[in-house]
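Below you'll find the structure, written out as structure tokens, and then a few comments.
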Amino acid sequence: MSDHETTPIPRRGFMRAAARAACALGIGGGAAYLVAPRTPGERVWQIDPEKCIACGNCATYCVLRESAVKCVHSFAMCGYCELCTGFFNPSPNDLTTAAENVLCPTGAIVRRFVEDPYFEYTIDQNLCIGCGKCVKGCKMFGNGSLYLQVIHDRCLNCNQCSIAAACPSEAWVRVPAARPHLWKKVT
Amino acid sequence: MQFTRIAKALPASLAALGAALIAFLLLGGEGARAGSLAKRVAGTDMAGKTREQVAVAIEKASTLTVCDGVPAAVEGAWPCFRGAKLDGIGTERAPLAREWGPEGPPVLWTIDVGEGYAGAAVLNGRVYLIDYDREAQADVVRCLSLADGRDIWRFSYPVPVKRNHGMSRTVPAVTPAYVVTLGPKCHVVCLNAETGAFVWAIDLVRAWKAKVPQWYAGQCPLIDRDRVILAPGGDALLIAVELATGKVLWQSPNPGRWQMTHATPMPMELRGTRMYVYPGSGGVAGIAAEDGALLWQTDAWKISIATVPSPVIAGGGRVFLTGGYNAGAMMLKIDAQDGAFAARTLYTLDPKVFASIQQTPILYQERLFAVKYDGQLACADLDGRVLWTSGSGNTFGLGPYALAQGLLYVVNDKGRLTLVDAGAGEYRRLAEFEVLQGHDAWGPLAIAGGRLIMRDFTRMVCLDIRDRAARAAQGGVQ
Amino acid sequence: MTARGAISTRAAAGLIVFLALVAAVVAVALHDPIGRRGNRLGRDFAYETKDLRPIPPDLIRYAERAAFDAGLAVPRAIAVDAGDKIYVAGDRAVVWFTTHGAPAGARALDGEPTCLAVGADGTWHVGLGGHVEVFDPAGARAAAWTPHGARSYITAIAAAPDAIFVADAGERLVLLYRPDGAFVRPIGGRDAARAIPGLVVPSPFLDLAMGKDGLLRVTNPGRRKVEAYSLEGDLCFAWGEAGAAIDRFCGCCNPVHLAVLPDGALVAAEKGLATVKVCEPDGALRCVVAGPDLLGENALGCDVAVDSRGRIVVLDPAAKKVRIFEPAPPGGSRSQETGSAHE
Amino acid sequence: MNPRGPSLFAALKSDARAAARTALVTGAFAAITAAALLAYHVRGSAEDFIDSAEIADLKSALAADPDNGALKIEIQERDLAIRRAYFAKLARLDRGIYLLLGGVLAFVGSLAWMAFARRAAPKPGAAEPTAAAEARATLSARWSVAALAVIAAGLGAAWAGRSDLAFLDRAVQAIEEAKAPPVLAPPEEIAKQWPRFRGPGGLGVSAYLNVPAEWNGASGAGILWKTPVPISSDNSPVVWGDRIFLSGATKKRREVYCFDAATGALLWTGKVERVPGSKDGPDDIMEDTGYAAPTVATCGRRVYAIFANADLAAFDFDGRRVWARNLGVPENNYGYAASLLVYRHLLIVSYDQAKPEDNKSRFLAFDIRNGKTVWDTVRPVAASWDTPIVITHAGVDQLITCSNPFVIAYAPDTGRELWRADCLNDDVAPSPVYAGGLVLAVNTGAQLSAIKPDGTGDVTKTHILWLAEDGLPDIASPAATDDYVYLLTTHGLLTCYETKTGKLLYEEDTDLSFNASPSIVGDKLYLISTKGVAIILRIGPTYEELGRSELGEGVHASPAFQDGRIYIRGKKHLYCIGAR
Amino acid sequence: MRFPIVPTLALVAILSGGRAAAEQRFPPPDFSPGYSLPVTEAQGAPARADARGYIDAAVLAGALALASYLALGRRSRRGLVLLGLGSLAYFGFYRHGCICPVGAVQNVVLAITDPGYALPLTAALFFALPLLFTLFFGRAFCAAVCPLGAVQDVVLASPVAVPGWLARALGLVPFVYLGAAVLLVATGSTFLICRYDPFVGFFRLSAGLDLTIYGAALLIIGVFVGRPYCRFLCPYGALLGLVSRLSWRRVTITPAECVRCRLCEDACPFGAITTPSPETPPARRAGKTALAVTLLALPLLMGLGALAGRALSPAFAHTHATIRLAERVWLEEAGEVEGTTDQSDAFRATGLALDDLYLAAGALRARFDTGTTILGVFAGLAAGATLLRVSLRRTRRDYEADPALCLACGRCYRYCPVETDRGKRHRKPREAAP
């Protein structure tokens with residue numbers, strides 16, 4: 001404003017206006033160009049269970065004090081086994097729910113007898129901290145029905161996910177917000 | 001002026017607030033999740049074959065027979081062991097006969113029952129009984145008409161039980177909707193109280209690693225509002241089961257691995273905390289009704305062979321315990337301080353002084369009534385002082401007793417019913433009648449709607465115990 | 001404010017700024033700038049199986065005599081014929097090798113094979129997902145059987161002279177067929193009357209083998225047992241216990257593969273910490289052929305076959321190799337000790 | 001406005017002391033909360049609570065005593081306590097963070113109040129800007145930019161100094177090399193060098209005839225230079241161009257040496273350490289064998305060495321390690337001794353061990369470019385100490401290996417067996433030689449066998465031309481020409497046979513003891529004793545000694561012959577013998 | 001953001017595909033009737049809806065418009081403060097500082113360099129809107145919309161002037177920071193700006209100790225030094241500063257003409273008020289020489305920068321996970337380190353060839369070589385431009401806000417007697433000067 005009044009050089013003003021217009025066009029057009037052809041994009045973070053090695057980084061690298069990653073259970077894949085290696089220590093004292101036998105550090109896996117010989121395992125997400133211990137155990141000896149997923153009502157969906165940056169197996173991917181999970185399931 | 005003062009006072013008040021907040025930070029508890037943390041003990045998965053499986057098995061193997069009995073149009077209820085108030089005292093409105101003629105009170109009906117000591121529960125004109133059918137090798141939950149003793153329905157499921165002083169010995173618990181029974185081998189079954197339709201079942205042995213007691217289960221299911229309280233021992237000292245669904249609402253820890261006894265857990269309120277007092281094989285414990293937490297326990301009271309009588313809640317945090325096998329009696333006092341509970345012994349009584357071997361004493365007007373080891377009826381005050389005894393001429397063996405309208409109905413081993421005035425300061429017999437001439441007439445009594453249901457080893461009898469006037473007014477035998 | 005006061009205020013501000021700057025620089029430097037710090041979880045969060053891996057040397061009584069590439073991207077099943085030729089099924093093909101491992105031929109299939117059996121007469125039975133296809137010894141397709149059920153998923157076939165046993169993991173049954181493809185009866189279904197608890201198959205692993213005693217051995221991986229059935233379908237006996245010890249079967253489904261030695265002993269393979277062991281016909285552990293130190297961790301387990309000389313032929317799907325084991329004195333063999341060094 | 005006193009605004013504005021006090025209080029609150037949070041943080045990361053060593057110990061105690069019910073109860077109780085503590089900590093952190101936030105906000109608010117209460121009216125600056133001040137400002141701005149650049153350069157240098165991508169150069173180079181056909185020296189070049197134990201063909205035959213025949217270690221006569229070798233071992237020198245390679249090892253150290261042929265200067269020492277899977281040792285090794293008995297080999301661009309613990313390493317001629325691997329300590333009762341050889345782009349390793357029935361013996365071939373296994377053949381033989389040779393018979397290359405009980409010929413490019421002959425026994429240390437179209441294999445306890453290498457399968461009964469049993473050596477390898485075969489025992493017995501027939505021509509006891517193998521230079525045979533005495537004989541049907549020379553130092557290694565020179569490794573020194 | 005650097009995953013795809021197929025077609029156990037499979041945990045939890053992003057963008061646009069109005073039209077410092085607090089509350093604490101224009105630069109760069117990355121519309125809007133607004137109305141975004149700025153503005157209690165020469169030099173840092181951030185995004189290493197966002201930990205009420213200290217330190221500095229992050233670090237601020245030179249309208253200290261009362265000289269805690277030129281100009285000749293020297297030195301500076309950048313290539317390359325992985329695997333293979341890491345274990349578990357990893361790392365290094373060289377040239381150019389600006393002299397008659405440095409906070413308004421006078425005429429003053 002003061003420029004216009006104090007330095008009445010029309011040519012300079014015109015050049016500034018032209019530059020401004022070019023700049024605006026560049027910013028707006030560039031952004032539009034980058035967005036336009038690629039929608040709908042991949043928007044939210046998720047873990048590809050096939051690549052995840054359950055290293056435990058998810059539990060510690062999340063910007064949240066309690067990770068947005070927790071274990072989920074694909075019941076349709078589960079063997080409902082009595083000797084569940086996602087539930088028990090590698091060498092349990094006995095196949096009971098007592099502390100000395102079980103794997104989960106926080107007691108988040110709940111085991112319930114269904115019928116001989118099946119047991120149902122559910123995750124108490126309130127207690128799960130996403131350490132992935134059960135995931136490893138399940139993957140090694142079982143069907144891999146326990147696996148880690150980003151829980152989206154916790155995830156802040158940061159521009160750069162700290163866990164993704166720390167993920168050793170490139171298992172962190174962006175997925176469409178419409179299908180925000182990579183479920184393991186029976187089709 | 002005021003604003004100036006406010007400005008001046010601000011720092012100090014903020015300092016106080018800050019101090020409080022810091023205290024809150026440092027001393028605050030464990031947060032919301034502490035509630036979902038429980039000790040991880042064996043069996044929380046109900047492994048080893050549980051509810052559902054047993055339910056399925058029992059349901060599949062069960063037979064429901066609908067019979068021709070019709071519920072009596074009689075009010076009055078004795079819905080579970082020791083009656084509606086769990087005190088062994090009937091809530092009769094019609095005046096009861098204080099004496100019977102030589103013909104005794106009218107016998108309304110007599111039926112044959114399987115060997116045992118299972119008592120009746122009464123509700124809505126129906127009598128509920130868990131019986132054992134030796135021929136069919138099956139537990140039978142029977143719903144009888146209070147009017148004539150005819151079966152309304154029978155629900156049976158196979159359980160092999162060998163003779164060992166009889167088989168069935170528990171009293172069902174019934175609400176208008178459901179009846180819950182506990183069979184001799186610890187099968188808990190919930191049925192529709194009207195139709196006998198299966199609702200749910202739990203095998204305490206398989207689900208909770210309960211050990212079937214010597215001479216089979218004597219514990220009676222306890223219905224407390226919407227839940228059934230059971231004391232399986234084994235994996236859980238007590239469990240609470242949702243009456244309508246059979247879902248386990250909580251289970252209490254059983255650190256000492258106490259086993260099930262013949263006693264039934266009894267509810268008690270103390271300083272606003274509702275708890276269940278249960279004498280297990282290794283001691284007595286108080287379990288929070290809310291979540292099954294172990295509030296207190298003591299090993300001051302334990303009977304190695306069998307604990308049969310249930311605790312008597314004596315008010316003021318006092319619990320009266322008694323039992324046979326030379327145990328005598330004990331009065332516990334539960335002290336509550338800062339939400340923590342502890343039991344201490346107020347006194348113990350020598351078995352010769354005052355005790356009950358098998359039946360649970362009745363507390364009436366601050367007086368305890370019990371039949372002692374020598375068969376004499378005795379009355380003691382809550383401090384353990386014996387006020388009177390019935391004398392060596394009046395003995396009752398191990399028979400049951402119940403109270404209504406100040407009248408104590410005492411049955412001896414063979415089935416002789418004696419009417420005693422409980423209000424007198426001495427043993428005063430009002431009437432006596434040989435109802436049965438059997439043996440082991442130990443099944444608990446039920447008094448409802450002016451009727452008294454008693455049994456011996458193989459028969460069950462329903463007596464009309466109203467006085468003549470009442471009987472006339474309300475109608476006689478239907 | 002005096003000039004002096006101003007100066008001291010500015011000095012204090014400068015000092016604070018400087019200290020904060022130092023703190024900021026140190027904090028940023030302490031920050032894991034390039035992600036090297038790794039997992040900060042402690043040892044309790046490790047799923048630790050190292051105690052389970054070693055196998056007592058005196059239990060290992062086989063030695064690897066040869067190993068050769070199966071030549072398939074995803075080898076799935078192995079079989080040995082009467083002439084000790086070694087067949088491997090995988091990808092969309094069956095390939096075969098001489099007894100020494102020289103490639104001898106290949107035949108393409110229409111689908112992904114899941115299992116393979118070669119009968120005494122040289123006939124192949126190949127499981128292709130839900131159905132079985134039969135090939136004559138020359139490799140020409142002779143028949144394709146219809147799937148037994150909608151969920152059929154064939155994971156093993158055993159050919160006896162007058163009977164073909166098919167393990168249908170999807171239907172959780174063993175299917176008994178006549179060689180002409182006529183279905184005879186299912187075996188192993190849950191049947192309370194015959195006290196058969198039923199096959200529990202949580203994942204696509206169900207194997208069977210014809211025992212030397214005339215009883216069919218079937219894995220029951222969900223119960224971690226091996227069951228012996230008569231040809232009429234009666235369960236004669238079962239053995240196997242759940243556990244991580246070497247003489248037990250671990251996980252939610254083990255054992256995954258079976259074979260029978262000439263003396264009737266059973267070769268059982270486990271997935272997870274891949275192990276191949278030899279058990280007596282009644283289930284007692286005789287010895288171990290190879291353990292996870294050689295076979296590694298794999299989620300598929302090693303298919304096993306036995307040739308006429310009693311050699312155990314193991315298909316190692318992780319290394320995509322066929323490994324041939326022969327009995328050796330206990331105390332370990334080079335494969336167990338140094339195998340990992342030259343993989 | 002307010003009859004009872006000043007407005008709130010004014011009250012706040014006027015009370016700077018209250019503002020200061022409030023700031024003090026809120027600041028203290030924030031500081032205390034922050035300190036508490038910090039203390040929680042420092043008390044261990046949250047995981048430490050739950051990652052309890054205590055529980056782990058209890059669990060291992062339970063593993064030892066699986067039926068201990070009390071222990072189980074203790075674990076269950078500790079487990080609950082620990083989980084409670086963990087979640088309690090999380091809850092406290094949650095509370096604390098909100099309190100801290102509130103405290104900081106209050107503090108900032110009171111600071112703002114303070115500033116508000118103390119705010120002074122605007123006042124003009126000190127002085128009008130002057131041209132001089134502006135010029136000063138411009139100048140100092142330039143200098144500050146320069147200073148910033150210097151600081152940035154310093155920081156950058158410090159940062160850059162910590163990282164390099166040398167590994168990537170080497171990795172990419174290795175990949176490119178592996179993709180490209182291997183760079184191999186032409187055979188005629190190899191024939192001129194001394195690239196392995198006993199020379200180009202492993203036969204102990206010099207390509208040069210102009211080598212010295214006389215020297216004296218004591219006087220230094222005929223000795224061009226001598227230089228100490230850091231670790232004494234018994235492997236023999238290998239020569240390529242102007243470089244001489246040796247290795248040395250103790251139980252813990254393993255080194256490769258490169259000496260300058262012109263001066264004897266130690267050019268570099270390649271340390272073989274931190275090889276994946278490598279272990280020190282073994283412990284039970286015969287002292288005479290030592291930890292570096294195998295002689296190194298070179299392809300002309302790299303040198304390869306193997307040691308008693310089966311560390312196998314490749315160095316380039318500048319001493320950079322190219323690759324290394326460990327094969328696992330072989331079961332070998334005297335210590336591993338077979339030397340390496342390079343065939344085309346393959347480094348061939350004899351890895352015989354244990355007993356024949358153990359089936360642990362193998363031959364392996366590695367790609368010299370990257371150390372990857374090319375073939376790996378299992379052999380039904382016992383441990384051996386000899387070095388294989390590659391011969392070309394009738395246009396076909398054969399890798400000849402000797403070990404109890406077989407001489408086996410393999411195709412060197414695939415490891416496929418060509419033929420085998422059952423003619424050895426016990427511990428085989430002498431290497432085979434090839435002369436007059438015959439493979440000659442020998443060891444004590446068996447016989448000297450002359451095998452026609454044109455059979456297939458088991459040729460024991462069909463292709464052994466002759467056998468001889470006199471003068472069988474236990475360490476030194478034979479030396480042979482088309483006409484004569486010489487055997488030399490440790491105790492100094494030299495035996496000469498006719499190559500074509502196996503006829504014994506003579507036996508001569510030299511009264512010396514020998515570990516080094518005899519070598520052939522034209523028509524002369526060089527023997528060097530363990531005491532360092534060299535005997536030079538005329539090759540022929542009779543014993544004809546041409547002379548003796550003394551080195552003055554014990555020698556267990558076989559000499560290397562080059563143009564006008566002999567390189568001999570003594571117990572302590574490397575000698576170059578030649579004319580100045 | 002990691003690039004799928006490892007060239008081919010075909011093998012893995014085959015392997016896992018086969019297994020996955022088997023897994024997927026496998027049915028759950030045969031339960032007795034009455035058991036139904038539970039629903040997988042969190043299956044119902046939807047992703048954060050896209051609508052959220054659009055709301056954010058709308059709030060941003062509204063806040064920008066309001067800030068522009070408050071700064072230019074209403075000239076209300078108080079309004080700007082309130083708006084800033086609102087932005088702090090919304091974008092900061094409520095939205096956790098998760099999506100912000102400062103970080104969006106990186107998304108845009110990533111969208112340019114990685115064709116596989118789809119730029120979310122919200123990120124594009126967050127990147128473009130503040131720039132466009134700045135282009136027309138000056139840095140109103142910095143004044144009252146950016147939560148990072150707001151949190152620093154809140155703590156600025158006792159401003160101490162940073163000497164002009166120091167501020168000039170430090171003003172270079174954002175450009176270098178921006179260049180480094182672009183480089184690291186373009187090479188697929190990391191989002192540098194997000195990684196070292198000092199205040200996002202506060203907004204989330206959760207951060208590591210190190211970043212907490214970093215943020216707290218900046219805030220403590222911010223008590224005395226006006227907005228240290230905005231002025232001396234913020235890469236987006238560097239862009240805004242450039243753009244704001246072209247802005248159509250921008251903050252002026254005085255609403256009408258300057259009376260040169262000098263009251264506003266100390267008003268700006270950000271050193272953005274330029275003083276009028278002295279009456280006696282310095283020697284033109286010296287100035288011209290300096291300008292000529294600087295112009296001549298510019299290529300030299302850029303060349304030096306290129307050399308320095310090239311030298312830093314390995315260091316930058318080490319920020320890339322693939323290069324670190326390749327190095328780690330190399331060291332492991334060579335036996336120069338003990339044990340393995342999660343990364344190397346995971347890599348080996350894929351069964352991919354080591355050589356491919358090395359080649360990928362090699363290709364990356366080439367990108368870093370180029371990128372760091374360009375970064376060096378850029379840094380040299382920035383330094384040269386600063387020197388040029390120092391050497392250029394424009395005659396100013398009034399106290400003016402420097403277009404690039406002015407954060408449009410409006411503090412100077414109340415120092416201007418013209419403003420006060422105008423305000424008195426317009427409305428009753430609410431604060432009385434003591």
Side-chain angles (χ1 to χ4, degrees), chain A residues 54-71 83 85-111 122-137 148 151 153-154 156 162-163 166, chain D residues 33-34 36-102 104:
Chain A
C55 64
N57 279 349
C58 291
T60 53
Y61 271 87
C62 189
V63 295
L64 300 172
R65 190 164 46 256
E66 284 173 67
S67 179
V69 173
K70 289 182 187 288
C71 181
L83 173 52
T85 47
F87 182 77
F88 288 116
N89 287 331
S91 25
N93 176 274
D94 192 6
L95 297 186
T96 73
T97 50
E100 67 270 18
N101 305 319
V102 299
L103 191 63
C104 181
T106 59
I109 307 186
V110 180
R111 161 177 158 124
T122 42
I123 312 288
D124 182 349
Q125 292 219 344
N126 191 29
L127 296 180
C128 178
I129 57 168
C131 71
K133 205 173 165 166
C134 59
V135 175
K136 261 189 195 167
L148 295 170
I151 305 301
D153 53 7
R154 295 183 56 74
L156 301 178
S162 303
I163 311 175
Chain D
T33 330
L37 280 179
L38 195 65
Y40 280 127
H41 189 96
V42 170
R43 247 175 75 185
S45 65
E47 291 73 28
D48 290 348
F49 272 94
I50 212 158
D51 178 23
S52 154
E54 192 187 349
I55 290 269
D57 292 346
L58 285 174
K59 280 186 181 172
S60 50
L62 185 66
D65 182 11
D67 294 324
N68 190 336
L71 204 51
K72 290 180 192 174
I73 290 171
E74 194 182 347
I75 291 174
Q76 290 162 11
E77 278 166 0
R78 286 303 306 150
D79 169 71
L80 179 63
I82 282 168
R83 287 183 296 137
R84 282 224 164 110
Y86 172 69
F87 285 112
K89 169 169 177 165
L90 290 187
R92 274 193 201 119
L93 284 173
D94 268 337
R95 279 197 295 268
I97 212 83
Y98 282 105
L99 289 183
L100 179 61
L101 180 68
V104 166

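Letters A, B, ... mirror the listed sequences (proteins, then strands); counts begin at 1. No hydrogens, no waters, no symmetry mates; every other heavy atom, side chains included, goes into these values.
One finds the OH atom of D:Tyr86 at 10.0 Å from the CG atom of A:Leu127 (value rounded to the nearest 0.5 Å).
Nearest heavy atoms, D:Gln76 versus A:Glu100: NE2-OE1, 3.1 Å.
Proximity to chain D (any heavy atom under 4.5 Å) is restricted, for A:Asn89, to the side chain, taken from C-beta onward.
Of the listed residues (D:Lys72, D:Glu77, D:Arg78, D:Glu74), the one with the most heavy-atom contacts under 4.5 Å to chain A is D:Lys72.
Formation of a donor-acceptor pair under 3.5 Å by the A:Asn93 side chain with backbone atoms of D:Pro66 is found in this model.
A salt bridge links A:Arg65 with D:Asp94: the distance from a Lys NZ or Arg NE/NH1/NH2 to an Asp or Glu carboxylate oxygen falls below 4.0 Å.
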